[in-house]
A.B. asks: 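Sending over a structure as structure tokens; questions will come in a sec.
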Amino acid sequence: MFRLSSLKLELNSKFKGPIDFQLNSEMKMSEIIPNFLLAFLRWSGLVENSDNKVKHRLSSRIFDILLFITCVDISVSTVINSENVHKKLIAAYLSCPIVSAIVWYELRCKRKLITSLLQNVPMVNSSFYEKVINFAFFLNSFISLLVPTLLIVTMVNPVFFTFFTYGYELKHNWLLFVIGILKGSLYYMLYPCVTNIVVIFYISLCWRCSMYLNNLVKNIAKYTPGEFVQSKQLDILKNRAMICRNLQNIQTIFSQPMFLILVANFLMCSSLLGGVLIKIEFVEDDTIFIFYFVNAILCIITSLWVAGSVPVEMDRFKETFHQTTHERLLHYHTTEELHLKMDLFNEPNFVLTGCNILPFRKSTILTVIGTLLTYTVLVVNTN
């Protein structure tokens with residue numbers, strides 16, 4: 001099914017002329033994706049038509065190189081400085097930057113699918129939605145510059161800076177400071193800045209689909225049983241089918257990346273909780289690690305909450321459609337319309353998942369938090 005959705009996305013882009021497709025793509029995406037997020041998608045090369053402009057093509061290549069060089073650098077630095085980190089926590093530290101690089105590479109390989117998806121996502125007029133997504137993206141970008149700077153400025157122990165220089169102590173403190181600022185910003189950009197942007201992009205798509213389903217429910221509620229004739233039922237069901245196709249395409253593109261991101265954030269929370277239980281003194285100021293923990297847990301909760309709203313809206317749609325058509329059947333004896341309702345209710349419930357392993361439901365939040373606490377204590381207490 002996922003492969004079929006991918007082929008449909010690719011065929012949609014091929015059947016359109018290159019010039020028409022490019023113009024329609026720019027117009028459609030500017031109406032669907034909030035401004036800040038759309039600008040990042042273009043400059044980073046996550047949409048296919050970014051390659052049509054030299055500045056976007058150059059910026060995307062530079063961004064790719066920086067990410068993967070940073071991933072190698074932080075992995076080497078963590079291994080070299082492993083003596084200062086508890087052995088049980090090294091795997092969690094290394095997993096986050098590696099997962100970020102893998103997720104980015106996978107999404108870059110799916111640029112065609114992402115571009116085609118954005119051509120088919122329905123438009124929903126909501127200023128609140130745009131403000132929230134723009135604010136989340138702006139806040140994530142601002143913190144990616146603020147947090148590393150504050151961390152370096154507040155550090156007074158020169159031993160901490162040797163993490164950035166592979167264990168070597170430099171004589172010039174100003175050089176250590178500059179290296180710390182640059183590498184700290186790159187480290188934060190790799191994780192959690194990049195993964196946060198992917199999550200923001202994902203929840204923006206899921207949220208838009210949920211709002212569209214909610215609008216369909218409101219449209220059904222406007223009709224009286226006598227007004228909800230078969231032609232209007234078909235129009236509503238066609239719009240719902242369009243949303244279902246978009247959700248299948250979202251699942252095709254983001255299933256593996258979102259699963260990896262949630263696992264990485266889960267490991268980050270586990271490692272920090274484990275460090276507290278083992279009573280590890282990370283650095284002189286633990287504020288940065290509190291921030292990483294809050295960021296990771298918020299990423300997990302918001303992803304599952306917004307994606308979990310999709311099956312909730314699906315169930316609301318079925319309930320409202322059933323109620324209206326059932327009253328119509330009782331009053332007008334429209335037995336010829338029963339096949340529409342039967343086909344709808346025989347359809348399996350759609351739930352977004354991570355690699356068909358982790359269901360994205362609101363109830364999953366409690367399961368993940370319980371698992372986090374349980375297994376963290378078990379791993380910490382294991383010799």
Side-chain angles (χ1 to χ4, degrees), residues 88-89 91-93 95-96 99-100 103 128-129 132-133 135-136 139-140 191-192 195-211 213-214 217 243-244 247-248 250-251 253-278 286 289-320 348-382:
K88 293 180 180 179
L89 308 183
Y93 290 150
S95 65
C96 293
V99 163
S100 295
V103 166
F128 177 73
Y129 160 82
V132 170
I133 298 300
F135 175 77
L139 183 64
N140 180 66
Y191 177 86
T195 54
N196 286 348
I197 291 174
V198 174
V199 169
I200 292 172
F201 185 28
Y202 178 74
I203 65 176
S204 70
L205 295 173
C206 294
W207 191 4
R208 182 172 287 275
C209 291
S210 296
M211 288 191 297
L213 284 170
N214 185 44
V217 172
I243 287 293
C244 291
L247 289 171
Q248 287 286 359
I250 292 173
Q251 174 73 2
I253 295 170
F254 289 97
S255 176
Q256 293 180 1
M258 285 303 302
F259 179 76
L260 292 174
I261 290 174
L262 292 181
V263 169
N265 283 297
F266 181 90
L267 291 175
M268 175 59 70
C269 292
S270 180
S271 65
L272 294 176
L273 281 177
V276 172
L277 294 175
I278 301 174
D286 292 339
F289 295 99
I290 295 175
F291 169 78
Y292 271 97
F293 177 81
V294 172
N295 178 86
I297 199 70
L298 284 179
C299 181
I300 294 173
I301 292 175
T302 53
S303 300
L304 295 177
W305 184 268
V306 177
S309 299
V310 172
V312 172
E313 294 297 336
M314 286 285 196
D315 291 339
R316 284 188 60 217
F317 179 90
K318 287 185 177 182
E319 181 181 352
T320 306
N349 293 328
F350 180 83
V351 179
L352 292 164
T353 65
C355 293
N356 292 323
I357 298 175
L358 181 67
F360 292 169
R361 290 184 178 273
K362 293 182 178 181
S363 58
T364 309
I365 297 175
L366 295 178
T367 304
V368 170
I369 293 176
T371 305
L372 173 65
L373 297 174
T374 302
Y375 282 94
T376 298
V377 173
L378 288 176
V379 171
V380 167
N381 293 330
T382 301

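Position 1 is the first residue of the sequence; numbering continues from there.
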A.B. asks: Per the side-chain contact (heavy atoms from CB on, under 4.5 Å) rule, which among Val306, Ile301, Ile300 passes with Leu304?
C.D. replies: Ile300
A.B. asks: Measuring from atom CG of Leu213 to atom CZ of Arg208, what distance do you get when rounded to the nearest 0.5 angstrom?
C.D. replies: 13.0 Å
A.B. asks: For Glu313 and Ser210, which heavy atoms make the closest approach, and how far apart are they?
C.D. replies: CG-O, 3.8 Å
A.B. asks: Hey, is Arg316 close enough to Glu319 for a salt bridge, meaning N to O under 4.0 Å?
C.D. replies: no
A.B. asks: Side-chain contact test, heavy atoms from C-beta onward, threshold under 4.5 Å: evaluate it for Met258 versus Val199 and give yes or no.
C.D. replies: yes
A.B. asks: Does Phe266 reach the side chain of Leu358, with side-chain heavy atoms less than 4.5 Å apart?
C.D. replies: no
A.B. asks: Any sub-3.5 Å donor-acceptor pair from Thr320's side-chain atoms to Val217's backbone N or O?
C.D. replies: no
A.B. asks: Nearest 0.5 Å, what's the CZ-OG distance between Phe360 and Ser255?
C.D. replies: 7.0 Å
A.B. asks: In Å, rounded to the nearest 0.5 Å, how long is the span from OG1 of Thr195 to CG of Asn140?
C.D. replies: 8.0 Å
A.B. asks: Do the non-hydrogen side-chain atoms of Pro192 and Tyr292 ever get within less than 4.5 Å of each other?
C.D. replies: yes
A.B. asks: Quick one: does Leu247's side chain get under 4.5 Å of Met314's, heavy atoms only?
C.D. replies: yes
A.B. asks: Working to the nearest 0.5 angstrom, can you tell me the gap between Ser271 OG and Phe293 CZ?
C.D. replies: 9.5 Å
A.B. asks: Ignoring hydrogens, what is the shortest heavy-atom contact between Val310 and Cys206? Give both atom names and the distance.
C.D. replies: CG2-O, 4.1 Å
A.B. asks: Do you know the tightest heavy-atom contact between Cys299 and Ile261?
C.D. replies: SG-CG2, 4.1 Å
A.B. asks: What I'd like to find out is whether the side chain of Trp305 reaches to under 4.5 Å of the side chain of Ile203, using heavy atoms alone.
C.D. replies: no
A.B. asks: Is a side-chain N or O of Thr371 found less than 3.5 angstrom from the main chain of Thr367, in a donor-acceptor match?
C.D. replies: yes
A.B. asks: Answer whether the closest heavy-atom distance between the side chains of Asn349 and Lys318 falls below 4.5 Å.
C.D. replies: yes
A.B. asks: What's the separation between atom CG in Leu373 and atom CG in Leu273, rounded to the nearest 0.5 Å?
C.D. replies: 6.5 Å
A.B. asks: Has the side chain of Tyr129 got a donor or acceptor atom that lies under 3.5 Å from a matching backbone atom of Ser204?
C.D. replies: yes
A.B. asks: Measuring from atom CG of Leu352 to atom OG of Ser303, what distance do you get when rounded to the nearest 0.5 angstrom?
C.D. replies: 11.5 Å
A.B. asks: Report yes if some heavy atom in the side chain of Val99 is under 4.5 Å from a heavy atom in the side chain of Phe259; otherwise report no.
C.D. replies: no
A.B. asks: List the atom of Val312, the atom of Gly308, and the distance in Å for their closest heavy-atom pair.
C.D. replies: CG2-O, 3.4 Å
A.B. asks: Keeping the roles fixed (side chain from Gln251, backbone from Thr353), state whether a donor-acceptor pair exists under 3.5 Å.
C.D. replies: yes
A.B. asks: Parallel, tilted or perpendicular: which describes the rings of Phe201 and Phe254, with under 30° parallel and over 60° perpendicular?
C.D. replies: perpendicular
A.B. asks: Check for a donor-acceptor pair, side chain of Thr374 on one end and backbone N or O of Gly370 on the other, with a separation under 3.5 Å.
C.D. replies: yes
A.B. asks: Could you tell me if the side chain of Val132 sits less than 4.5 Å from the side chain of Trp207, heavy atoms only?
C.D. replies: yes
A.B. asks: For Ser270 and Leu372, indicate whether the former's side chain and the latter's backbone hold a donor-acceptor pair under 3.5 Å.
C.D. replies: no
